[in-house]
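Reading through the structure tokens given below for one structure.
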Amino acid sequence: MNQADLSKLVSALRIAVKPKPRLLSCPEGPAGRLKKLRATVTALVKYERIELNYPRADEAQGYAERLISDAIRNRDCHKHTMEMADYWLNEKQLVHKLFKVLVPRYQNYNSSFTRLVLGPKTYPGYYAGTAILELKGNPFPALQPENHNYHYWLHNVLLEEAKKEFRSAREERNAGTTESVTTES
Amino acid sequence: MAIVEHLASLLRKPIETSDEAGERSVSTQKTGDESGNTVIVAPPEFRFMYPEFLPDPAPETRNRLREKLERMDMLQRRSVIEIPEFYTGSIMAVTVADANSPNKFARFVGICIQRGGSGLRAWFILRNVVDKQGVEILYEMYCPLIQKIEVLRLERRLDESLLYLRDALPEYSTFPLNMEQERRLNNSVVPINPIKVKLRPRPWLERWERQNLQGVEDLNLPQRFYDKAEKVAKPWEKYDLMLHYRKTIPAEEQEKIFAEVHSQLQQQELKRKLRRRRGFDNEQ
């Protein structure tokens, strides 16, 4: 049983965080893992939508969300946040983009800041295929069609109730006719 | 059964709908919610004063209902006995009920070298040197055998864990068993003792040169130790954001937990102060 580390205050992430990190093995070992993820996070902040393999995308999503949530919580004058932004973003103009563009965009969000969509698998088999990792609110057209029919919209609620009423009225009518049939016989 | 149902209803989270709904702006008032009721928010220092109220971050063992029940039990215990605020480096005296001792009580004075655990299993280790023999005792804070916990000197040190006192000169771990409680001049700030402890010559129990300790004097080791420490070090862990996230409880959850226990802890504190003042007046 361990006590929670109190040295840093972190915002809750609105993505599913797996209990154990992936190793992402490479010749440089654990140091190389963070180097790879740094390249991914930098590309995500630069291009706002990237296509890559699913395991790396899933790991990078966590780090991108953490970076943005720290930037929103602590803003740009916080030493620790600046150090993290400096480490994770290889191009320094992206640090400016993080604090001047992404923080105002995601300030009032109640949901996650990134979206991970499964992409095509180029050959058959049981393996994790590609994935598309994107920042929400990006200028590109949407990847998935918007669902324009939610059950909680008013006309849908009224239609559901009308359907229920119709069905119960029909059952009553049927019950009425069967009773009259039985009484006749 | 009714109690369990009530607790389960308290833990039911509000239903979140689509992403679209999530992106709408939300007012970020902390002291008032939408209906205008005041929301209790505990002061931010609570996480340092009562770290055992926060659960173990490992998701395999998280159970919201069990944590809530544990917090209720912890508050119940705290209403019976005073568990004061203390930190690693504070000198404390603990009185435990002991069937085998002549007085039926056993009292031990020592410096808190480490604290850990969460919930009802929170513990701390006190160290002292008695008759030239180093003694360490691990006490579970919420154990019903504990009769009294006194903080004789409330202070912090430069490190969160003082395990290096085991390899330090004995004078740094020796405290008189009849030590009296020291009065604090300034009640609002807990002083940090900047003492740098001198270690005995090697061999040591741990490789202290690899641990970035602030509270020890210069170790004066041959250069090969520091070279090996650099080779073995993991400097990238400082930047591993997800590692930090998995090791801690998010701020929103911390606020929720402490808002729950804050009012009860405050009430207990007030009652104790009144009792102390009444006792003082009666004496006079």
Side-chain angles (χ1 to χ4, degrees), chain A residues 1-14 16-22 28-35 37-38 41 59-70 73 80 83-88 105-113 115 136-137 144 146-147 150-152, chain B residues 15-28 44-62 114-124 160 233-257:
Chain A
M1 276 237 161
N2 293 312
Q3 261 183 16
D5 180 37
L6 300 171
S7 50
K8 296 169 196 77
L9 261 183
V10 299
S11 302
L13 293 184
R14 293 184 175 268
V17 173
K18 292 186 167 66
K20 292 218 162 76
R22 286 186 184 80
E28 288 162 57
R33 171 180 177 271
L34 280 200
K35 214 168 146 187
L37 289 168
R38 245 199 296 179
V41 170
E59 292 292 301
Q61 191 190 23
Y63 288 96
E65 293 267 345
R66 274 283 289 124
L67 187 65
I68 297 172
S69 73
D70 265 0
R73 176 173 272 272
H80 182 256
E83 274 179 21
M84 293 297 128
D86 179 53
Y87 178 86
W88 280 96
R105 197 200 286 184
Y106 297 124
Q107 231 162 267
N108 296 323
Y109 264 44
N110 247 2
S111 70
S112 59
F113 317 123
R115 190 178 289 124
K136 286 185 185 168
Q144 292 161 315
E146 282 173 23
N147 186 7
Y150 293 104
H151 69 95
Y152 53 81
Chain B
I15 305 161
E16 286 209 342
T17 50
S18 66
D19 273 351
E20 209 185 61
E23 285 155 24
R24 263 183 259 122
S25 73
V26 153
S27 66
T28 48
E45 308 84 50
F46 261 43
R47 67 188 214 269
F48 298 111
M49 284 163 65
Y50 309 106
E52 72 273 7
F53 278 94
L54 296 175
D56 186 352
E60 292 99 348
T61 49
R62 293 285 312 260
Q114 206 183 26
R115 68 182 292 187
S118 48
L120 287 167
R121 278 182 270 186
W123 50 263
F124 58 92
E160 281 307 309
K234 299 182 187 174
W236 58 86
E237 277 192 359
K238 179 183 171 195
Y239 303 103
D240 197 338
L241 296 167
M242 287 307 286
L243 182 74
H244 303 154
Y245 186 77
R246 289 187 174 101
K247 274 192 190 163
T248 189
I249 305 287
E252 288 88 347
E253 216 179 316
Q254 283 192 19
E255 276 168 31
K256 226 165 70 169
I257 291 170

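Order of the sequence lines sets the chain letters (A, B, ...), proteins ahead of strands, with each chain counted from 1.
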- Okay, A:L37 and chain B: the region with an atom under 4.5 Å from a heavy atom over there is neither
- Nearest non-hydrogen partners of A:S11 and B:P250, listed with the distance: C-CB, 4.1 Å
- Task: Name the region of A:R38, side chain, backbone, both or neither, that has any atom closer than 4.5 Å to a heavy atom of chain B.
- Result: neither
- Message: Do A:P21 and B:M242 make a side-chain contact, defined as non-hydrogen atoms from C-beta onward lying under 4.5 Å apart?
- Response: no
- Which atoms of B:I249 come close to chain A, meaning under 4.5 Å heavy atom to heavy atom: side chain ones, backbone ones, both, or neither? both
- Item | Closest heavy-atom pair and its distance - A:S7, B:R47 | O-NH2, 4.5 Å
- Query: Can you name the closest pair of heavy atoms from B:A251 and A:L9 and give their distance?
  - Reply: CB-CD2, 3.6 Å
- Query: When heavy-atom pairs shorter than 4.5 Å are enumerated against chain A, which of B:P235, B:P57, B:A122 gives the highest number?
  - Reply: B:P57
- Below 4.5 Å from any heavy atom of chain B, which atoms of A:L6 appear? Answer side chain, backbone, both or neither. both
- Message: Can you tell me which portion of B:P55 sits under 4.5 Å from chain A's heavy atoms? Options are side chain, backbone, both or neither.
- Response: backbone
- Message: Can you list everything that forms a side chain to side chain donor-acceptor pair (under 3.5 Å) with B:E253? Sequence neighbours excluded, please.
- Response: B:R62
- Query: When you look at NZ of A:K8, are more than 12 heavy atoms from neighbouring residues, nucleotides or ligands closer to it than 6.0 Å?
  - Reply: yes
- Item | Between A:K35, A:H80, A:R66, A:M84, the one whose heavy-atom pairs under 4.5 Å with chain B are most numerous | A:R66
- Which portion of B:Q254 sits near chain A, non-hydrogen atoms under 4.5 angstrom: side chain
- Message: How about CD on B:E160, more than 12 heavy atoms from neighbouring residues, nucleotides or ligands closer than 6.0 Å, or not?
- Response: no
- side chain to side chain donor-acceptor pair (under 3.5 Å): which pairs involve residues 237-246 of chain B, sequence neighbours left out? A:Y63-B:D240, A:E83-B:K238
- Message: Is any side-chain heavy atom of B:E60 closer than 4.5 Å to one of A:K20?
- Response: yes
- Give, as side chain, backbone, both or neither, the part of A:D70 having an atom under 4.5 angstrom from any heavy atom of chain B. side chain
